[in-house]
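The sequence lines fix the lettering, A, B, ..., with proteins before strands; numbering per chain opens at 1. These figures come from a predicted structure and were not determined experimentally. Values below: all heavy atoms of this structure, side chains included; hydrogens, waters and symmetry mates excluded.
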Amino acid sequence: MNHTENHKFSLTTPLYYVNGVPHIGSAYTTMVADAIARFHRLQGKSVLLVTGTDEHGQKIQRTAAEENVEPQVHCDRIVESFKSLWDKLDIKYDRFIRTTDPQHKQIVNEFFARVWEQDDIYLDRQQGWYCVSCEEFKEERDLIEDHYCAIHTNKQAEWRDEENYFFRLSKYQQQLEKLYESQPDFIQPASRRNEVLNFVQQGLKDFSISRIDLDWGFPIPIDDQHTIYVWFDALLGYITALLDPDQAPTLDNALAKWWPIDLHLIGKDILRFHAVYWPAMLASAGLPLPSKVFGHGFLTKDGLKMGKTLGNTIDPIELVDRYGADAVRYYFLKEIELGNDGDFNETRFINVLNNDLADVLGNSLNRTLGMLKKYCQSTVPQLSSADFSSDHPLKSIGMTLGDRVVQAYENLQVSQACTAVLTLVRAVNKYIDDSAPWKLFKQEQHSEVEQILYAVLESIRLSAYLLSPVIPSTSSKIYQQLGFDWDFNQEQENSQGAFSTHSNWGELPMSKALGQASPVFLKLELPSKD
RNA sequence: GUCAGAGUAGCUCAGUUGGUUAGAGCAUCGGACUCAUAAGCCGAGGGUCGGGAGUUCAAGUCUCCCCUCUGACACCA
């Protein structure tokens, strides 16, 4: 592993459309992004996690009109609900970009100018059926009866006949194909990559980047009769977000430090915008391309698609209020393989958390601290890795765990990282039962007891450390009960270099005396069905 | 219709280049223990690995056909 390069890591969530309060899908993406960001910070890198909101477009304009408020007022309200949810979920974002931020307009204009200079934008006439909910022109075949949209079956598409500005996407066909070939990791997972390849191979058409009859958005710089298409505007938010708060809003400033982005984390529904349109736009403007676009799967509830019509949506705010951030994070990160569709089932949710976090992880710490108090006056034996043979049941797992977990996080396999850690914690419980320190204590085999308790506590510490990107609060409680003055929700001033000791088994000196033990994760209960 | 991907215990999933009685976690049932959040440990039941045919000494793993699901693309209305 190369530690000399890669000091920085930048990643984005989508800029969420503020048509309504955040739904569970947005929360899911953001939790994943946060865990990835936390993992990189843990390693001592400087990290920029970008999230934000996409606020322009006809859909917003109309929603606001229905509410009888100015679009900006509507957006301000919704934005608050996003920020408050991220807060509740312990999301540590570095930038929250709103496409209505004043500096964004400057970036969009400058970017537009670059693309214009390349002769990649032209005016043409567009006729067709337009779905406002999709903000897209639809082919006749994409519509169902009476020109209702196949995606928004309650919305009728509108006939439009207008002049629009187009982006010369077709010009970038070959360049994109080369990109996908030379950078096979650019689109992940592989199944999604195939879809994109398939799509691109059939030939790219130019796409329109402006609308008329729309006020809510930025005007096209050279023609204020037109408004910039919401997607063109939104994607550029990733660049605007990179500006430091006090910097002048120029492309050069924005791109200076964090560009290109290492990872765009998105849902599979917006893959085409990120994997096709976006790199083409950037190429046109002469900018380097992001390293990776990862399109994750969708969530179902009890095996069914979620939707307003079925009335089976999950409210992330309600969920986190009821069960807490760590519980929600853990379920979605551990129980769902990133990239696959995943299911939410409340009984499974309760079972997983109570088992993994309360019974296995939490209880292993609790029972051991109990013994430490009774058998060792709460004083941790000062041992280290060298005092254990390499085939010791816990050391043998712990020695390689750090590397395996790092590998998993780097491959965005958070679920596998959790599973690997849980293997150690399960081994801890078995080891305690197998070695029965309570018997040894009665036989006055004190040094054996100390050995056992040290090995157990060190294993739990390591587990907590490696799980901290996923369950920061629980990990913090464990660290604190182990005597470390440490909070995984705060930037650690000494985090530089900490990773190499903390991520290894038996290399970190333990604090000597421990305080009061108390359960780090309380069991959850299903709400009563009244 | 075309092209991908998937179909393995009640649930969520692992199963390397084909090789001994198909694994894990949860759930269910039983047992012994007591340090602990009535947790943990040990054990049991539970699978014709979607169906069928074939290749092979040997197939969950390879080939062909079929069924189901998901996605992308396309066509017809």
Side-chain angles (χ1 to χ4, degrees), chain A residues 139-147 150 187 189-205 267-269 271-272 275-276 295-300 302-305 330-332 334-376 378 393 408 413 415-416 418-423 425-442 449 452-453 456-457 460 474 477-478 481 517-525:
Chain A
E139 302 290 324
E140 189 96 19
R141 62 165 183 271
D142 293 329
L143 301 171
I144 54 180
E145 265 178 59
D146 286 335
H147 300 106
I187 304 165
S191 54
R192 298 265 132 66
R193 175 172 182 267
N194 288 338
E195 289 174 15
V196 173
L197 289 182
N198 213 327
F199 172 76
V200 173
Q201 275 161 12
Q202 299 187 12
L204 293 173
K205 288 186 198 144
K268 63 184 181 183
D269 52 331
L271 183 62
R272 192 181 297 174
V276 182
H296 66 66
F298 276 175
L299 302 173
T300 56
D302 303 323
L304 299 172
K305 276 187 184 173
Y330 187 80
Y331 181 85
F332 285 104
K334 155 82 184 341
E335 282 299 295
I336 292 165
E337 193 69 44
L338 189 70
N340 295 345
D341 287 353
D343 189 53
F344 177 85
N345 172 277
E346 201 155 7
T347 302
R348 188 174 141 212
F349 177 92
I350 301 281
N351 282 339
V352 163
L353 288 156
N354 285 349
N355 275 284
D356 287 5
L357 298 192
D359 297 345
V360 173
L361 179 62
N363 188 50
S364 68
L365 175 66
N366 203 239
R367 64 193 299 205
T368 308
L369 290 179
M371 289 188 276
L372 193 75
K373 187 175 180 186
K374 282 186 191 166
Y375 307 151
C376 307
S378 292
Q413 295 166 327
S415 170
Q416 287 184 25
C418 294
T419 305
V421 175
L422 260 285
T423 304
V425 190
R426 292 210 171 84
V428 159
N429 277 319
K430 179 173 168 54
Y431 174 67
I432 295 173
D433 280 66
D434 287 351
S435 48
W438 47 92
K439 282 185 188 158
L440 298 174
F441 181 72
K442 283 174 191 159
V449 170
I452 293 164
L453 296 187
V456 165
L457 290 174
I460 295 170
T474 305
K477 285 183 195 163
I478 293 174
Q481 288 191 25
S518 76
V520 293
F521 186 91
L522 294 174
K523 287 207 176 191
L524 307 176
E525 282 177 26

Point to revise | Residues A:Lys477, A:Leu365; criterion side-chain contact (heavy atoms from CB on, under 4.5 Å); working and verdict | key: CA-CA 11 Å; A:Lys477 285 183 195 163; A:Leu365 175 66; over 6 Å; no
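- The distance between atom NZ of A:Lys523 and atom P of B:U37, rounded to the nearest whole Å, is 11 Å.
- Proximity of A:Lys439 to the phosphate of B:C35: no side-chain N or O atom is located under 4.0 Å from OP1 or OP2.
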Could you go through nucleotides 12-17 of chain B and list every protein N or O atom that sits under 3.5 Å from one of its N or O atoms, giving the distance for each pair?
{"residue": "B:U12", "atom": "O2'", "partner": "A:Arg348", "partner atom": "NH2", "Å": "3.4"}

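- The base of B:G40 lies close enough to the side chain of A:Asp433 for a donor and an acceptor atom to sit less than 3.5 Å apart.
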Show the distances under 3.5 angstrom between N or O atoms of the protein and N or O atoms of nucleotides 42-46 of chain B.
{"residue": "B:C42", "atom": "OP1", "partner": "A:Lys430", "partner atom": "NZ", "Å": "2.8"}

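- With hydrogens and angles disregarded, a donor-acceptor distance shorter than 3.5 Å links the side chain of A:Asp343 to the backbone of A:Asp302.
- Checked options A:Ile432, A:Val456, A:Ile452, A:Val449; the residue passing with A:Met371 is A:Ile432 (criterion: side chain to side chain contact (heavy atoms under 4.5 Å, CB included)).
- Rounded to an integer number of Å, the gap from CG of A:Asn355 to P of B:G40 is 6 Å.
- With P as the reference atom, B:U21 and B:G60 are 11 Å apart, rounded to whole Å.
- Base pairing of B:C41: its partner is B:G31, meeting the Watson-Crick or G-U wobble criterion (both donor-acceptor distances under 3.5 Å).
- For the pair A:Trp438 CH2 and B:G40 P, the interatomic distance rounds to 13 Å; values are reported in whole Å.
- Nucleotide B:A14 forms no Watson-Crick or G-U wobble pair with any nucleotide shown, as no partner meets the under 3.5 Å limit on both distances.
- Looking at A:Gln481, its side chain does come within 3.5 Å of a backbone N or O of A:Ser518 through a donor-acceptor pair.
- Residue A:Phe521 is in base contact, counting any heavy-atom pair closer than 4.0 Å across all strands shown.
- Annotation: of the two residues near RNA chain B, A:Val360 and A:Lys305, the 5′-most nearest-nucleotide partner is A:Val360.
- With hydrogens and angles ignored, the 3.5 Å screen pairs no side-chain donor or acceptor of A:Asn366 with any backbone N or O of A:Gly362.
- Judged by Watson-Crick or G-U wobble contacts below 3.5 Å, the nucleotide B:G46 has no partner.
- Among the protein residues, A:Val520 comes within range of the nucleic acid bases, having at least one heavy atom under 4.0 Å from a base atom.
- One interatomic measurement links the two molecules: CZ of A:Arg193 to C1' of B:A72, which rounds to 15 Å at whole-angstrom precision.
- Remark: B:U63 base-pairs with B:A53; criterion is Watson-Crick or G-U wobble with both hydrogen-bond distances under 3.5 Å.
- For the pair A:Lys205 NZ and B:A74 C1', the computed distance is 11 Å after rounding to whole Å.
- Rounded to whole angstrom, the span from the CE atom of A:Met371 across to the C1' atom of B:C33 amounts to 13 Å.
- Taking only side-chain nitrogens and oxygens, A:Lys268 never comes nearer than 4.0 Å to OP1 or OP2 of B:G71.
- Along RNA chain B, the nucleotide nearest A:Val196 and the nucleotide nearest A:Leu369 are compared for position; the residue whose nucleotide lies closer to the 5' end is A:Leu369.
- Not one N or O on the side chain of A:Asn354 forms a donor-acceptor pair closer than 3.5 Å with the backbone of A:Lys523.
- Side-chain nitrogen and oxygen atoms of A:Asn194 include none within less than 4.0 Å of the OP1 or OP2 phosphate oxygen of B:G71.
- When both distances must be under 3.5 Å, the Watson-Crick or G-U wobble mate of B:U2 is B:A72.
- In the set B:G71, B:U37, B:A36, B:U37 carries the atom at the smallest distance from any side-chain atom of A:Ala358.
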